[in-house]
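First up is the structure itself, then whatever we jot down about it.
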Protein chains: 2
Amino acid sequence: MAEADRQRDSPKRERILQGALRAFAKKGFYNTRVSEIASEAGVADGTIYLYFKNKDDLLISLFEDRMEWVIERLTTELQAVEGGVLEKLRAFVGLHFQLAIENPDLAEFITVELRQSAKFVKEYENPKFADYLKILQFLIEEGQRGGELRTDLDSRLVSRALFGALDEVLLQLTLARTPPKDVTEETGQISRMIIDGLVHRDEHT
Amino acid sequence: MAEADRQRDSPKRERILQGALRAFAKKGFYNTRVSEIASEAGVADGTIYLYFKNKDDLLISLFEDRMEWVIERLTTELQAVEGGVLEKLRAFVGLHFQLAIENPDLAEFITVELRQSAKFVKEYENPKFADYLKILQFLIEEGQRGGELRTDLDSRLVSRALFGALDEVLLQLTLARTPPKDVTEETGQISRMIIDGLVHRDEHT
DNA sequence: ATTGAATGAATGGGCATTCATTCACCCAAA
DNA sequence: TTTGGGTGAATGAATGCCCATTCATTCAAT
């Protein structure tokens with residue numbers, strides 16, 4: 001096949017994706033030269049076009065590939081959580097941050113590039129991001145059915161809001177390159193805020 | 001002065017900013033040609049360089065200018081709100097959305113471009129965005145001092161999370177160009193979620 | 001007539017993409 | 001075992017487009 005994407009699993013393809021991730025995280029999509037990606041990946045400029053149709057395609061492929069991976073890890077780890085929906089929600093928050101800390105380039109890439117790219121690279125719809133949101137949404141709905149969560153809030157709205165909250169906090173953490181000293185404390189606070197709200201309550205839950 | 005920014009208030013300068021806003025909202029910073037901004041503003045390409053040093057400077061000036069305006073409106077309208085901090089929080093959510101709906105181009109520009117631009121245009125720090133966050137932060141702290149809000153959450157963390165939640169929900173609203181049919185319902189849900197949390201409580205608040 | 005603002009065609013550099021060439025590997029024939 | 005040539009991957013210099021920025025010239029106002 002003379003087509004512009006060789007076998008989906010090829011060490012070279014993966015090297016290119018990795019190089020692109022590093023480069024995009026460091027300088028952003030529009031400020032990254034294809035030749036920089038190539039040298040980061042240790043291949044020739046032209047080689048990239050054997051695996052991807054063009055720069056846009058490389059960006060989108062990177063999204064899909066990495067998001068798929070994130071979704072898979074999140075799903076499995078979430079299934080292993082003992083306890084009710086509240087416990088799972090807390091775990092979700094923790095996992096979201098943990099994944100980001102373990103993969104700083106990926107975190108930076110996703111938090112910073114997701115929006116722009118989603119909108120301007122030839123109207124790409126980003127189905128994987130939708131999948132990610134669905135995990136949250138279903139978790140909320142499970143809790144609503146089970147009686148743990150209030151039912152007067154739209155699950156799609158809530159899941160979006162939650163994602164936004166996590167994402168924004170993560171953005172700061174990521175950009176500041178803060179050493180993750182007290183992440184547990186932060187995720188704890190966020191979970192409490194999400195679950196119990198901001199309002200002050202008398203001493204008894 | 002041969003300097004590249006004429007009087008800060010000039011109808012022509014404002015026309016350029018307006019043209020840039022429309023263009024950036026529609027196609028994003030990196031996909032917008034300076035000549036497009038010029039024609040959108042009804043000036044010659046070169047004229048833009050009489051008012052702004054270059055394209056980056058135009059972007060940043062646009063941010064500063066519009067954020068300043070937003071902050072001012074938000075501050076005044078918030079001061080006019082009767083009631084305690086909880087009421088003000090609800091008002092904040094409502095105002096955030098209302099401003100966005102009244103200025104869709106501005107909303108799209110800010111939600112989509114803020115992150116990227118902030119990071120990649122010559123390491124610009126975006127002080128105005130920090131100011132915006134501060135409004136929220138001080139509101140939270142006021143509530144904590146007054147006893148209406150719980151004190152075990154860091155006000156900076158909370159304000160970021162809140163902003164993120166609003167921003168993400170707004171992003172969808174903005175991009176989908178959804179007719180704002182039930183915005184009141186949405187803002188109501190968000191306020192309730194923020195203040196009272198997701199957890200189900202027995203019938204008595 | 002002088003001054004400063006505005007114009008927009010021309011310039012030049014940057015960069016994605018191409019493609020003629022090289023390279024590495026395999027196998028068939030001698 | 002050697003050789004040759006066929007195949008597809010990889011290379012990277014060359015191409016050509018695109019567009020931000022400039023500046024010689026024109027215009028308007030006083």
Side-chain angles (χ1 to χ4, degrees), chain A residues 1-24 26-63 113 116-117 120-124, chain B residues 1-24 26-63 113 116-117 120-124:
Chain A
M1 61 179 56
E3 287 315 286
D5 60 338
R6 304 243 162 288
Q7 50 280 12
R8 270 204 150 284
D9 59 336
S10 144
K12 197 147 287 189
R13 184 187 141 101
E14 175 54 27
R15 283 233 310 282
I16 294 171
L17 286 175
Q18 232 165 284
L21 179 57
R22 292 173 64 113
F24 290 161
K26 190 163 24 174
K27 316 184 55 181
F29 177 73
Y30 289 105
N31 290 309
T32 296
R33 312 293 134 238
V34 170
S35 64
E36 290 173 343
I37 297 171
S39 86
E40 190 88 51
V43 301
D45 296 11
T47 307
I48 289 177
Y49 292 86
L50 296 176
Y51 293 87
F52 304 94
K53 193 149 54 64
N54 51 37
K55 197 184 170 193
D56 284 4
D57 181 45
L58 174 53
L59 175 72
I60 294 189
S61 302
L62 183 59
F63 261 136
E113 304 285 333
Q116 278 243 345
S117 316
F120 296 117
V121 173
K122 55 175 187 161
E123 300 302 329
Y124 169 58
Chain B
M1 60 179 58
E3 286 316 284
D5 59 341
R6 303 244 161 285
Q7 50 279 13
R8 269 204 151 286
D9 59 336
S10 143
K12 197 147 288 191
R13 185 186 140 100
E14 175 54 27
R15 282 232 311 282
I16 294 171
L17 286 176
Q18 230 164 285
L21 179 57
R22 291 173 65 112
F24 289 162
K26 191 163 25 175
K27 315 184 56 182
F29 177 73
Y30 289 105
N31 290 310
T32 296
R33 312 293 134 236
V34 170
S35 64
E36 290 172 342
I37 297 171
S39 86
E40 191 87 50
V43 302
D45 296 11
T47 307
I48 289 178
Y49 292 86
L50 296 177
Y51 292 87
F52 304 94
K53 192 147 56 63
N54 52 36
K55 197 184 169 191
D56 283 4
D57 181 45
L58 175 52
L59 175 73
I60 293 191
S61 302
L62 183 58
F63 262 136
E113 304 286 332
Q116 278 243 346
S117 317
F120 295 116
V121 172
K122 54 172 188 163
E123 300 303 329
Y124 168 59

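Just the heavy atoms: all of them, side chains too, but no hydrogens, waters or symmetry mates, feed the values below. This is a predicted model, so every value here is computed, not measured. Residue numbering restarts at 1 for every chain, and letters A, B, ... go by the order of the sequence lines.
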Output the single nucleotide from [options] whose closest atom is nearest the side chain of [X].
X       : options                : result
A:Thr47 : C:dT7, D:dT11, C:dA16  : D:dT11
A:Tyr51 : D:dA10, D:dT21, D:dG12 : D:dA10
B:Leu50 : C:dT7, C:dA16, D:dT21  : C:dT7
B:Ala44 : C:dG8, D:dA10, C:dA5   : C:dG8

Send over the distance from [X] [atom1] to [N] [atom2], rounded to a whole Å.
X       : N      : atom1 : atom2 : result
B:Asp56 : D:dT21 : CG    : C1'   : 13 Å
A:Asn54 : D:dC17 : CG    : P     : 18 Å
A:Ile37 : C:dT17 : CD1   : P     : 10 Å
B:Phe29 : D:dC19 : CZ    : P     : 13 Å
B:Arg15 : C:dA5  : CZ    : C1'   : 13 Å
B:Asp45 : D:dA20 : CG    : C1'   : 9 Å
A:Arg13 : D:dA10 : CZ    : C1'   : 17 Å
A:Tyr30 : D:dC18 : OH    : P     : 16 Å

Original post:
Tell me, for nucleotides 24-30 of chain D in 5' to 3' order, what letter each nucleotide earns: B for a base near a protein heavy atom under 4.0 Å, S for only sugar-phosphate near one, - for neither?
Top reply: -------
Original post:
How long is the span from the OG atom in B:Ser39 to the CZ atom in B:Arg33, to the nearest 0.5 Å?
Top reply: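 The OG atom of B:Ser39 sits 12.5 Å away from the CZ atom of B:Arg33.
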**OP:** Take A:Leu62 and A:Phe52, measure what side-chain contact (heavy atoms from CB on, under 4.5 Å) needs, and give me the verdict at the end.
**Re:** CA-CA 10 Å; A:Leu62 183 59; A:Phe52 304 94; over 6 Å; no
Original post:
Taking for each residue the nucleotide of DNA chain C with the nearest heavy atom, is it B:Gly46 or A:Ser35 whose nucleotide lies nearer the 5' end?
Top reply: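 The 5'-side residue here is B:Gly46.
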Phosphate oxygens OP1/OP2 of [N]: is one of them under 4.0 Å from a side-chain N or O of [X]?
X       : N      : result
A:Lys12 : D:dA10 : yes
A:Arg33 : C:dG14 : no
A:Tyr49 : D:dA10 : no

**OP:** Given side-chain contact (heavy atoms from CB on, under 4.5 Å), test A:Ile37 with A:Val43 step by step and report yes or no.
**Re:** CA-CA 9 Å; A:Ile37 297 171; A:Val43 301; over 6 Å; no
**OP:** Measure across A:Thr32 and A:Ala23 and return the closest heavy-atom pair with its distance rounded to 0.1 Å.
**Re:**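 In terms of heavy atoms, the two residues are closest at OG1-O, 3.4 Å.
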Subject >> Closest heavy-atom pair and its distance - A:Ala38, A:Asp45 >> reply: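 Shortest heavy-atom contact: CB-OD1, 3.4 Å.
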Original post:
Any donor and acceptor pair, going by atom type alone, linking the side chain of B:Lys55 with main-chain N or O of B:Phe29 inside 3.5 Å?
Top reply: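 Present.
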**OP:** Could you check whether A:Thr32 gets within reach of a base, just the sugar-phosphate, or nothing at all, counting any heavy atom under 4.0 Å?
**Re:**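 Counting heavy atoms under 4.0 Å across all strands, the contact made by A:Thr32 is with sugar-phosphate only.
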**OP:** Inspect the surroundings of CZ in A:Arg15 and state if more than 12 heavy atoms from other residues, nucleotides or ligands are less than 6.0 Å away.
**Re:**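 Yes, enclosed.
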